[in-house]
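Single-structure report; data block below.
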Amino acid sequence: MVEVRVDPEICAASGMCKLLVPAVFDQSEEDGTVLLTDPVPPADLEAKVRTAALRCPAGAIAVHEMETDAS
Amino acid sequence: MPEETQHQFDHARRAGFGPSDDIRQQRAQGALVKEEVAPAPGAATEPIWMALGYEAVRQVMGDHVRFSNQRRFRAQAIRGGSKHRPQEMSGHLMDYDQPEHTRLRKMLTPEFTVRRIQRLKPVTEQIAERCLDAMERAGQPADLVDLYASPISGAVLCELLGVPRDDRREFLVKHQWQLEQDRSRKDRAAAQAYTSGYLRALVKRQRKDPDEGFIGQLIRDHGDNFDDEELLGICGLMVLAGLDNVTGMISLGVLALLEHPDQLAVFLADPEKNVDRVVDELLRFLSVAHAPTPRTAVEDVVVAGQLVKAGEEIVCSIPMANRDPALGPDVDRFDVNRDPLPHIAFGHGIHHCIGAALGRMELRTAYLALWRRFPDLRLAVPAADVPHKTNSIAYGLEHLPVAW
Ligand code: HEM
Ligand code: HEM
Ligand code: SF4
């Protein structure tokens, strides 16, 4: 499982994340900056979320591994 | 465009859909290489850095603190901030550094969000359909650049700016003239005077009576924060940045699909579902923007193991970065099945293309409508005879004769 964090302060409002993973990212109507709709996305979206983090032109998306009981 | 400013497009360096062999050979020397370039024909050469590797390009474009975009007033940029922005550069986002850039960009962004751009989708679809009607009337073979790619990017830009239909043809033709280096200075100056005069009048009209469009909305939300020169500059920048890239992507994209029948078949198997992937891979594969605004180092910086000194300039190659093996497997292949790669066709960092969502919507609409109307579209000349366009802001085609 991963946890996603975004930093609207440095977001360049490119909308790239929303285009790539609309289930997880949205854009504020007001200034176009990133909004997180699902901070803990389902496993099948993990790869896409990682791509979004790489693609983010502002480096405003961080993906963290979450501690799991099993491991 | 003032007469003394000339675009230098000798950085095109393309072959077919990709970068030329000579720039690829240069890459073998390193991710960042030094070149001697004459700033004007006949002038003494100056050293300039070329960033050719993906990581190096991302580092330079991603670091707006140590790399300045204000190449036009180099000296001031180094000393930190310029007091004397030439009037004709007012509003040209691409040449602004922080914090000026942020101030302007924050006001513009809401007009370009994915959601706001949806507003232009129905009209973009109508424009595409009208162009297709005109192609049918013109008969085969038809030039896809003149009858489709270029009218779509032009009409959508005019919709964005609020240039009424009756004025569009003249406005776009004159804009084209002012960029054509082979046209006489006098013609270009007259064309320049026409387009800037036109935009000036448009801004004045919107000041008095703002409408629902982009300029009207800006004036309503932030009217007091802009002077007319800045608004004019913003309009001018949209015209410069919003046409050639889109025209190039539509025409070259169609050629790429026609030349890769297996990939076209994947697209056409379920166009609506596959179009976004096709657009994204075409953006990467074609990387029509040759290079972003050259960046100037504000202090000494190490890039790809080399020391770039304060005051030196770096030109980043977008096509080379987007075909760097660091990006993924088999990057020289056009493959619409791959998962989207973290390419930088729209740039990277704070100057990331503000028109990205608009551009994607235009491309999506253009490819879908074209193959809906002409499922058997084909080239009307051998591919080797299709003339490529290398003398412009973006890579593209001069003509694309097609039949259906
Ligand atoms: C699909 C085609 C397009 C491509 C490939 C493209 C590419 C780019 C690139 C690479 C940059 C970065 C320049 C730099 O860092 O110096 C950029 C910036 C920009 N683009 Fe686009 N663009 C496209 C469409 C558009 C459209 C349709 C518009 C507007 C109508 C537009 C407006 C701009 C503006 C205003 C900037 C400057 C942003 C800033 O400095 O903050 N572009 N574009
Ligand atoms: C997205 C692509 C680009 C856009 C939208 C763009 C836009 C502009 C604009 C708006 C100007 C100012 C024109 C004026 O006010 O006279 C300009 C000037 C200029 N551009 Fe570009 N440009 C692009 C790419 C490039 C590239 C790739 C190069 C070269 C590597 C380049 C080199 C220049 C030069 C040399 C000038 C004149 C600067 C001077 O006189 O000091 N541009 N460009
Ligand atoms: S991709 Fe990055 S810069 Fe763009 S909207 Fe998302 S968080 Fe902001």
Side-chain angles (χ1 to χ4, degrees), chain A residues 1-68 70-71, chain B residues 54-55 57-59 61-65 93 98 101-119 221-222 276-277 279-280 283-284 292 322 326-328 338-361 363-364:
Chain A
M1 285 244 268
V2 295
E3 184 186 5
V4 185
R5 293 201 197 126
V6 294
D7 184 349
E9 278 305 307
I10 60 169
C11 166
S14 70
M16 194 61 73
C17 51
K18 179 186 172 168
L19 275 169
L20 288 170
V21 211
V24 175
F25 303 100
D26 200 356
Q27 255 186 308
S28 138
E29 194 76 75
E30 204 162 288
D31 60 2
T33 51
V34 61
L35 298 173
L36 200 53
T37 48
D38 187 355
V40 187
D44 60 326
L45 289 181
E46 267 185 41
K48 281 192 165 182
V49 168
R50 283 183 202 281
T51 304
L54 255 178
R55 269 294 263 284
C56 169
I61 303 173
V63 181
H64 299 278
E65 293 297 335
M66 273 168 62
E67 309 280 325
T68 48
S71 56
Chain B
Y54 178 69
E55 293 302 340
V57 168
R58 276 184 50 127
Q59 180 193 340
M61 295 185 77
D63 185 352
H64 58 267
V65 175
L93 210 53
Q98 215 129 256
H101 176 266
T102 317
R103 171 194 151 260
L104 196 56
R105 176 125 182 174
K106 265 204 146 67
M107 292 189 276
L108 293 174
T109 305
E111 297 305 313
F112 288 93
T113 59
V114 176
R115 235 184 262 118
R116 181 96 170 116
I117 288 310
Q118 289 304 309
R119 182 183 62 98
D221 292 348
H222 303 286
D276 289 330
R277 265 179 191 233
V279 166
D280 197 65
L283 282 163
R284 178 195 74 83
N322 279 342
L327 214 64
R338 65 169 101 234
D339 283 330
L341 295 176
H343 68 71
I344 51 161
F346 286 118
H348 183 65
I350 62 170
H351 294 276
H352 181 273
C353 180
I354 203 170
L358 175 60
R360 279 180 194 273
M361 185 276 285
L363 298 179
R364 181 181 208 285

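Below, chain A is the first sequence line, B the second, and so on; all start at residue 1.
A donor-acceptor pair under 3.5 Å links the side-chain atoms of A:T51 to the main chain of A:A47, judged by distance alone. At least one donor-acceptor pair under 3.5 Å links the side chain of B:R284 to the backbone N or O of B:N322. Panel note: side chain A:Q27, backbone A:K18; no donor-acceptor pair is recorded below 3.5 Å. Distance alone, capped at 3.5 Å, places no donor-acceptor pair between the A:T33 side chain and the A:E9 backbone.
Residue B:L341 touches chain A through its backbone alone, counting heavy-atom pairs closer than 4.5 Å. For chain B, the nearby part of A:L20 is the side chain; its heavy atoms alone come within less than 4.5 Å. With a 4.5 angstrom heavy-atom cutoff, A:L19 touches chain B only via side-chain atoms. For A:E30, the part sitting under 4.5 Å from any heavy atom of chain B is the backbone (N, CA, C, O) and nothing else.
Using a 4.5 Å heavy-atom cutoff, the side chains of A:L36 and A:F25 are in contact.
Ranked by non-hydrogen atom pairs under 4.5 Å with chain A, the options B:C353, B:G349, B:A357, B:A356 are led by B:G349. The candidate with the highest count of non-hydrogen atom pairs below 4.5 Å against chain B, out of A:G15, A:A13, A:C11, is A:A13. No other option in B:I354, B:L108, B:T102, B:V114 has as many heavy-atom pairs under 4.5 Å with chain A as B:V114. Looking only at heavy-atom pairs under 4.5 Å with chain A, the residue among B:H343, B:M61, B:R105, B:H64 that has the most is B:H343.
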inquiry  = Go through it in stages, so that I can follow the logic: the residues are B:R360 and B:D276, the test is salt bridge (Lys or Arg N to Asp or Glu O under 4.0 Å), and I'd like the CA-CA distance, side-chain angles, deciding distance and then a yes or no.
reply    = CA-CA 8 Å; B:R360 279 180 194 273; B:D276 289 330; over 6 Å; no
